[in-house]
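Structure first, then comments.
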Amino acid sequence: MKIVADENIPLLMECFGAMGEVVALPGRNISPEDVQDADALLVRSVTKVSRQLVENSSLKFVGTATAGFDHIDREYLACRGIAFSHAPGCNATAVVEYVLAALDILAERDGFELRDRTVGIIGKGQVGGRLYQMMARLGVEVCACDPWLALAEGNSGRYVSVDQLIACSDVICLHTPLIMDGPYPTHYLIGEQQLKAMKPGTVLINAGRGPVIDNAALKQCLGERDDLTVVLDVWEHEPDADPELMAQVDIATPHIAGYSLDGKIRGTEMIYKALCQHFGLPARVRLPAITPLPVLKQMKFSEGMTFSTTCSRAIRSVYDIRRDDATMRKGLIRAEESQRKLTFDLLRKDYPERREFSTLRVELKDCAPELVHIFQALQFRIGDEF
C-alpha cells in the first residue's frame, strides 16, 4: 500500500508506517503526480482535495485529520467511489480553550469579569456546542444562533437570530463552517451592517473560517471606531493574511486555535481507525500509549489565592495565547508580500507543542468549593492529595 500524507500529521509513521510506503509531503504542495499511484491520501486543511488533484489517481481512500472538510470535494470522491473520512470534534476542545485563553488575557487587560458578560455563539456545532456548555458550567450568560439546529429542534426559544445575538452580546464567538449558498450562507455573515450594530466594548472572536467576516469591512470599521476588541485566528485569503488588519486587531494568530497536540492526535487516531476499517486491517496502534507526556504535569494552589489569579495562572501555564500573537506579528506585519504566505504556513508547520487543560493536574489545598467547581468546569484534572 502507498500512502501519501501531509508531513504535519502527528504520529504519522508510528500509525501508518507498518502499512506500507508512506510518502510525507508539505500539505499545500501535494500534487496530482504525487497521488497518481497512491492508495490513500491523508491531509490536513491546507490541502485542497479537488477533482484536479485526484482524477488521474488510483486512490481508494481520502482522510483528513481535521474536523472541517470544506477543503474536500466530497461529491467528486463519491462519484469516483473513493472512500472519505474526517475527524469531527477532534480539535473542538482546543478551540474552546483558545477562546478561554483569549478572554482570560482580555479580561485582565480591560478589567472585566467574564461572568458579568453575555456571550453569544454563532454556530453551535462541535466547537460552538462545547463552548456553550463550558460557558454555562462557568455561570456565564450565553445565547446561540444556529438556524439549522433551530429548524431541527423546533427552536422553542433556544436560538436567536444573528441580529438579536449582536444586540444582546458583549462577547461574540464565530464557530460556523464556510457556506457559500443555500438558505443559511455564512460567507460574510458579519459585514458592515453587523459590525456597526455591535455594542461599544464588544469582543469579537473568529476561530471558525476567515470569510465569515468581511475582512475589508472589519478593517474599515476598526479604522472608524476604537471601542471594539477583535481576536482573529482565521483570515480571509489565507495564507495571505492582511498585515494592516493584523495591526488593528487585539489578538492575531495564524489559524492555530485547534492546534493542540492532543487534538491533532485525536484527528490522527480517527482517520487511522477509518483507514484500517476500509482496507480490512487490524487497528493495532493504541495512541494513548505513544502520546508524549506534557512538560508541565501538576500545579498546586493553597488557601489565600484569589479566584482570578489562580485560574489565570493555570490557564496561562498550559496555553498563553500572547506568545502566538507576538510570534505572528513579528513574522508577518513587516514581511515582504512575497514572503507572507510562506511565513504564515511556516508558523503553522513549526507550531510549538501545545497541550490541553486536561493534561494538567491542579491540586487545591483548603481552597473554596467554588474554585474547585471552576477548575472542574474548565476540565483541569483535580487532585486533593499532596
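A pairwise comparison of heavy atoms in M198 and R225 identifies O-NH2, 3.0 Å as the closest pair. For the pair L106 and F112, the tightest heavy-atom approach, listed with the atom from each and the gap, is O-CE2, 3.5 Å. Across all their heavy atoms, A67 and N91 have their closest contact at CB-OD1, 3.5 Å. Looking at every heavy atom in both residues, I256 comes nearest to R354 through O-NH1, 3.0 Å. Nearest approach of D73 to S50, heavy atoms of both residues: CB-CA, 4.2 Å. Annotation for G191 and D214: closest pair CA-CB, 4.2 Å, computed over non-hydrogen atoms.
Criterion: ILVMFWY side-chain heavy atoms under 4.5 Å apart, direct or through other members. Under it, L138 and F375 are part of a common hydrophobic cluster. V234 and V96 end up in different hydrophobic clusters when Ile, Leu, Val, Met, Phe, Trp and Tyr side chains are linked at under 4.5 Å.
Geometrically, K264 engages Y259 in a cation-pi contact, judged by NZ or CZ lying under 6.0 Å from the ring centre and within 45° of the ring axis.
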- Quick one: do R209 and E236 satisfy salt bridge (Lys or Arg N to Asp or Glu O under 4.0 Å)? Show the steps, please. CA-CA 8 Å; R209 289 291 182 264; E236 196 175 359; over 6 Å; no
- Report the C-alpha separation of R115 and E370 in whole Å, then their side-chain angles, then the decisive distance to 0.1 Å, and conclude whether the salt bridge (Lys or Arg N to Asp or Glu O under 4.0 Å) test is met. CA-CA 13 Å; R115 286 180 292 182; E370 181 193 18; 2.7 Å; yes
- Task: Tell me, with the steps shown, if R340 and D240 meet salt bridge (Lys or Arg N to Asp or Glu O under 4.0 Å).
- Result: CA-CA 6 Å; R340 278 203 302 268; D240 190 16; 3.2 Å; yes
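When only modelled atom types and interatomic distance are considered, T253 and Y98 share a side-chain donor-acceptor pair under 3.5 Å.
Q52 CD: 12 or fewer foreign heavy atoms inside a 6.0 Å radius.
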